[in-house]
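Encoded as structure tokens, the structure appears first; notes follow it.
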Amino acid sequence: MLNVESMVFIVYLVFMLGIGVYFFIKSKNGGEKDYFLGGRQMGAWVSALSAGASDMSAWVLMGLPASVYATGLGNAWVAIGLAIGYAIAWLCEAGRLRKFTIVAGDSITVPQYLTNRFLSAKKSLQVTCALIFLVAYTIYAASSMKACGTLFNTVIGIDSTTAMYIAAAIILAYTFLGGFSAVCWTDFFQGLLMLGALLIAPVFALVVINAGGGSVDGFSNLPENYWNLFADWKLVVSGLAWGLGYFGMPHIIVRFMSLRSDKELKKSAKIGITWNVIIVIFSVAAGCIGHLLLGDIEDNSTVFIQMVRMIFPALISGILLSAILAASMSTADSQLLSSASAFASDVYKPIIRKGKATDKEMLWAGRFVVLAITVIAVIIASNPNSGTIMGLVENAWGLFGAAFSPVILLSLFWKKFNFQGALAGIITGAAVDALWLAFLSSTGIYEILPGFIAGLIVSIIVTNATGGASKDVQDLFDKAVAYED
């Protein structure tokens, strides 16, 4: 059984590497825009599924089912918040962001967009954004590496640390070679695989339970209020707050920027929202049904793995469990590329090389960052005290959402918003998020919520206190709103 599953994993990993090599050969003469944004030529299906897959890392197959498995439907509010936030981001933010980044100097990164949006020659905002990127993405990528380690250790018996290095090498290789196009296309296939696995496993598990194949204590040993969606108001508030992260999540909103046209964007929105809603519903279902099928298990994070291996033969289970690899890799590659683009475009070129860097230099600077973050992420993930998969994702998600979501939204919908307000909002949101996590996490309120509110309020106050946007900046806003392909 183990040999068959191992072979499926190997075939899958070779396929992912092949995509990276293909796009390396295809675009080896391209520049930074091709490497970091795919030349703004992404179609609807690829953009929609890659945005979803880069968002739904291994936590959707391991972290969220584990939390629902352990404590019940109260944790389903995370899924509800994510579904609402994702839909609003596609419907209200995506179109404007694409237009604004084109008009604002054809920006290819979020920090570059924010600087160009305010027609500023100052680099403080770009550098601040890039530093937050590097910290948050390293933590985020560590969660994906930890998931890969848990998967290989549980299924094949390989030492989890060794497995992390193997997975990191594969992710590093195709991100290093193919850039944004390779990342999007691998994420596209991985998104399909994740969808299939989450649709199939819970449904078949229900069939097994109905046939009397579930655990005896799966029904009798449920925690109190397990099926109560409204068991704790703090879970409701914190779960819904997860949706705030989408408006400023760089590796997701960069997909909005990469679409080739508004027509493709509208099609992509329908696909992406549908995919997201199905994924989060069945992720919650996997946790609940897994508890009924398996009863009490030692490691909650392996509920999906154990459920699949219990029901299906080795070949099928190998394919379905490859979805965890897909989820881990599809998020990690996007995070690495976003970090690389932020460093190369927003630190290396304007600060270190004073605007004199060639396209080749930019590519290699970005690749160096990909390598550095990968190594640090594996070191963090291999530390037994680094926390759970869901915990690492929660920390990184909160930092991004608090720092960038209010500022991105204000930049798209408030004509008088200015550079000073944006910089103050980013710093305040990040600081409040970190301080709340350090000192007030015992309140049970997810730190993204106070961070987002603080960033929004400070952005507005500082903008008004500094006189608002100049006429040129307001003219650029009007031009972006009126822009047509």
Side-chain angles (χ1 to χ4, degrees), residues 1-21 53 56-63 65-66 69 144-171 173-174 186-209 211 213-215 279 282-283 285-287 289-290 293-295 297-333 389:
M1 179 177 178
L2 295 180
N3 287 335
V4 174
E5 288 179 330
S6 302
M7 289 302 298
V8 173
F9 284 2
I10 291 170
V11 170
Y12 173 77
L13 293 173
V14 169
F15 178 59
M16 294 297 102
L17 270 178
I19 293 175
V21 172
M56 299 297 181
S57 62
W59 67 265
V60 81
L61 289 160
M62 296 179 71
Y69 166 92
S144 297
M145 304 304 176
K146 184 180 283 286
C148 289
T150 302
L151 174 66
F152 277 97
N153 179 256
T154 304
V155 176
I156 304 176
I158 297 177
D159 175 73
S160 58
T161 301
T162 302
M164 290 178 199
Y165 281 105
I166 294 173
I170 301 295
I171 296 168
Y174 70 74
T186 52
D187 288 358
F188 168 73
F189 290 113
Q190 289 167 160
L192 291 175
L193 182 57
M194 290 163 62
L195 180 63
L198 275 173
L199 285 173
I200 292 170
V203 172
F204 275 79
L206 273 179
V207 173
V208 172
I209 292 171
S215 169
I279 285 287
F282 278 83
S283 178
I289 296 170
L293 178 70
L294 303 170
I297 58 176
E298 185 176 346
D299 184 356
N300 295 343
S301 68
T302 64
V303 58
F304 183 82
I305 297 173
Q306 292 195 39
M307 182 167 63
V308 167
R309 299 187 80 204
M310 177 181 176
I311 299 172
F312 299 100
L315 178 62
I316 304 300
S317 68
I319 295 172
L320 295 180
L321 291 178
S322 293
I324 297 178
L325 275 180
S328 303
M329 296 169 68
S330 61
T331 300
D333 57 21
I389 296 168

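Predicted model only: the values in this text are computed from it and were never measured.
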All side chain to side chain donor-acceptor pair (under 3.5 Å) counterparts of Thr162, not counting sequence neighbours: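 In terms of side chain to side chain donor-acceptor pair (under 3.5 Å), with neighbours along the sequence ignored, Thr162 is linked to Asp159.
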Partner set under side chain to side chain donor-acceptor pair (under 3.5 Å) for Ser160, not counting sequence neighbours: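 Per chain and number, Ser160 pairs via side chain to side chain donor-acceptor pair (under 3.5 Å) with no residue.
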Grab the two heavy atoms, one from [X] and one from [Y], that are nearest each other, plus how far apart they are.
X: Ile158; Y: Ala163; result: CG2-N, 4.1 Å
X: Leu199; Y: Val203; result: O-CG2, 3.1 Å
X: Phe304; Y: Ala201; result: CE1-CB, 3.7 Å
X: Thr302; Y: Thr150; result: CG2-CG2, 4.0 Å
X: Leu198; Y: Ala286; result: CD2-CB, 4.4 Å

Can you measure from [atom1] ([X]) to [atom2] ([Y]) and round to the nearest 0.5 angstrom?
X: Ile311; Y: Ile200; atom1: CD1; atom2: CD1; result: 11.0 Å
X: Leu320; Y: Met307; atom1: CG; atom2: CE; result: 9.5 Å
X: Met310; Y: Leu293; atom1: CE; atom2: CG; result: 4.5 Å
X: Glu5; Y: Ile319; atom1: CD; atom2: CD1; result: 10.5 Å
X: Gln306; Y: Ser301; atom1: CD; atom2: OG; result: 9.0 Å
X: Leu315; Y: Met7; atom1: CG; atom2: CE; result: 11.0 Å

Just wondering, do Leu195 and Phe282 contact through their side chains at under 4.5 Å, heavy atoms?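 A side-chain contact is absent here, since even the closest heavy-atom pair is not under 4.5 Å.
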Partner set under side chain to side chain contact (heavy atoms under 4.5 Å, CB included) for Leu206, not counting sequence neighbours: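 Leu206 satisfies side chain to side chain contact (heavy atoms under 4.5 Å, CB included) with Ile289 only.
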